[in-house]
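Have a look at the structure below before the remarks.
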Amino acid sequence: MRNLAILLSGRGSNFEAIARNVASGQIRDARIAVVISNKPDAGGLETARLLGLTALAISSKGKEREQHDREVVAALREHKVDLICLAGYMRLLSPWFVQQFPQRILNIHPSLLPAFPGLEAQEQAFAYGVKIAGCTVHFVDEELDHGAIVIQKAVPVLDTDNEHSLAERILEQEHIAYSEAINLVLEEKFEVAGRRFVMKSTRH
Ligand code: GAR
């Protein structure tokens, strides 16, 4: 049984999808050991409490990045976490944090990276006029929205779309993609060659 941690800052719909898939066994052999938010009033924390999960608010307000990260990492260690899932965690991790958990931190981003990193990626894609948008689950490295890509899902942009309808359809795919990526990573049958996440060859 592997221990997952969820880090979030907001409503937590990706967290809820992960929690559902853990409960149903679609994410295999894993439990959510702890949910942590840097925002004490995050909706996702409340949901975690309602689900009976350990939910911690570790406020980042007025703290140096690394000081806050040290508090978060202490909580992750206390809960013996194997895989950390950033789910709408709107904070950059310090290089020190990233180095504590090599290939053990995932993030979801609502664009087909490397297009549209940063904030409001769906709006950026819509305004740019792309015909294919989507989402990416990737390992976290020291750069923003940058680590090796585990899974991407494409979402066509319709002529009738606005930013909101597009973001909603991307979110549906995020909820599917994140659990698939968690299973792939937990199975430990991958290797990262350069930037490429690939399944280990079974040929000898
Ligand atoms: C999601 O769309 C996620 O991809 C995005 O924040 C939203 C959180 O929603 N993350 C980023 O933009 C990270 N750069 P949720 O709280 O309902 O999961």
Side-chain angles (χ1 to χ4, degrees), residues 4-23 26-27 32 34-51 53 55-60 65 68-69 72 83-94 97-98 105-128 130 132-157 161-182 185:
L4 305 181
I6 310 282
L7 270 54
L8 52 79
S9 305
R11 71 191 157 178
S13 75
N14 275 288
F15 151 58
E16 282 185 64
I18 294 168
R20 262 197 310 278
N21 291 334
V22 165
Q26 208 167 314
I27 295 177
I32 298 178
V34 64
V35 179
I36 300 175
S37 178
N38 63 314
K39 301 257 185 230
D41 58 353
L45 266 189
E46 186 55 31
T47 309
R49 287 191 195 103
L50 291 172
L51 291 173
L53 298 170
L56 304 178
I58 303 180
S59 176
S60 50
R65 185 175 309 285
H68 179 253
D69 281 359
V72 173
L83 183 65
I84 300 158
C85 303
L86 309 187
Y89 188 61
M90 295 317 216
R91 239 180 116 70
L92 258 181
L93 304 189
S94 61
F97 188 152
V98 174
I105 313 174
L106 289 173
N107 181 44
I108 187 148
H109 184 74
S111 78
L112 294 174
L113 289 171
F116 313 118
L119 292 175
E120 295 177 351
Q122 310 94 322
E123 287 81 348
Q124 291 186 55
F126 183 81
Y128 195 91
V130 299
I132 308 279
C135 62
T136 304
V137 183
H138 63 92
F139 281 124
V140 172
D141 66 9
E142 279 96 341
E143 289 176 53
L144 176 68
D145 299 330
H146 179 267
I149 292 170
V150 179
I151 279 192
Q152 292 188 304
K153 300 268 183 206
V155 174
V157 182
D161 265 331
N162 57 38
E163 298 94 314
H164 305 294
S165 59
L166 177 61
E168 260 173 45
R169 291 207 318 291
I170 293 173
L171 193 63
E172 282 172 19
Q173 294 305 310
E174 292 184 42
H175 295 166
I176 297 167
Y178 217 155
S179 295
E180 287 181 10
I182 291 169
V185 171

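Counting starts at 1 for both ligands and their atoms, in listed order.
Atoms of ligand 1 lying under 4.0 Å from at least one heavy atom of Gly88, given by number and element, are 6 (O), 8 (C).
The CG atom of Leu171 lies 14.0 Å from the NE2 atom of His164; values are rounded to the nearest 0.5 Å. Between atom SG of residue Cys85 and atom CG of residue Leu8 there is a gap of 11.0 Å, rounded to the nearest 0.5 Å.
The side chain to side chain contact (heavy atoms under 4.5 Å, CB included) search around Ala48 returns Phe15, Val35, Leu53, Ala55, not counting sequence neighbours.
Distance alone, capped at 3.5 Å, is enough to place a donor-acceptor pair between the Ser94 side chain and the Phe97 backbone. When atom types are taken as modelled, the side chain of Ser9 and the backbone of Met90 share a donor-acceptor pair closer than 3.5 angstrom. Side-chain atoms of Asn21 do not come within 3.5 Å of backbone N or O of Ile27 as any donor-acceptor pair.
Residue-to-ligand polar distances keep Asn107 apart from ligand 1: every N/O pair is separated by 3.5 Å or more.
The shell of residues lying under 4.0 angstrom from ligand 1, judged by heavy atoms, includes Met90. For Ile108, the heavy-atom gap to ligand 1 drops under 4.0 angstrom. Ligand 1 has no atom lying under 4.0 Å from any heavy atom of Gly44.
Residue nearest to atom 2 (O) of ligand 1, selected from His109, Arg91, Glu174, Glu120: Glu174 (by heavy-atom distance). Counting only non-hydrogen atoms, the option in Gly12, Ala177, Gly10 that gets closest to atom 16 (O) of ligand 1 is Gly12.
Contact check on Arg49 versus Glu46 returns a salt bridge, with a Lys/Arg side-chain nitrogen under 4.0 Å from an Asp/Glu carboxylate oxygen.
Of all protein heavy atoms, the one lying nearest to atom 5 (C) of ligand 1 is Pro110 CD, 3.8 Å. Atom 9 (O) of ligand 1 has as its closest protein heavy atom Arg11 NH2, 3.2 Å.
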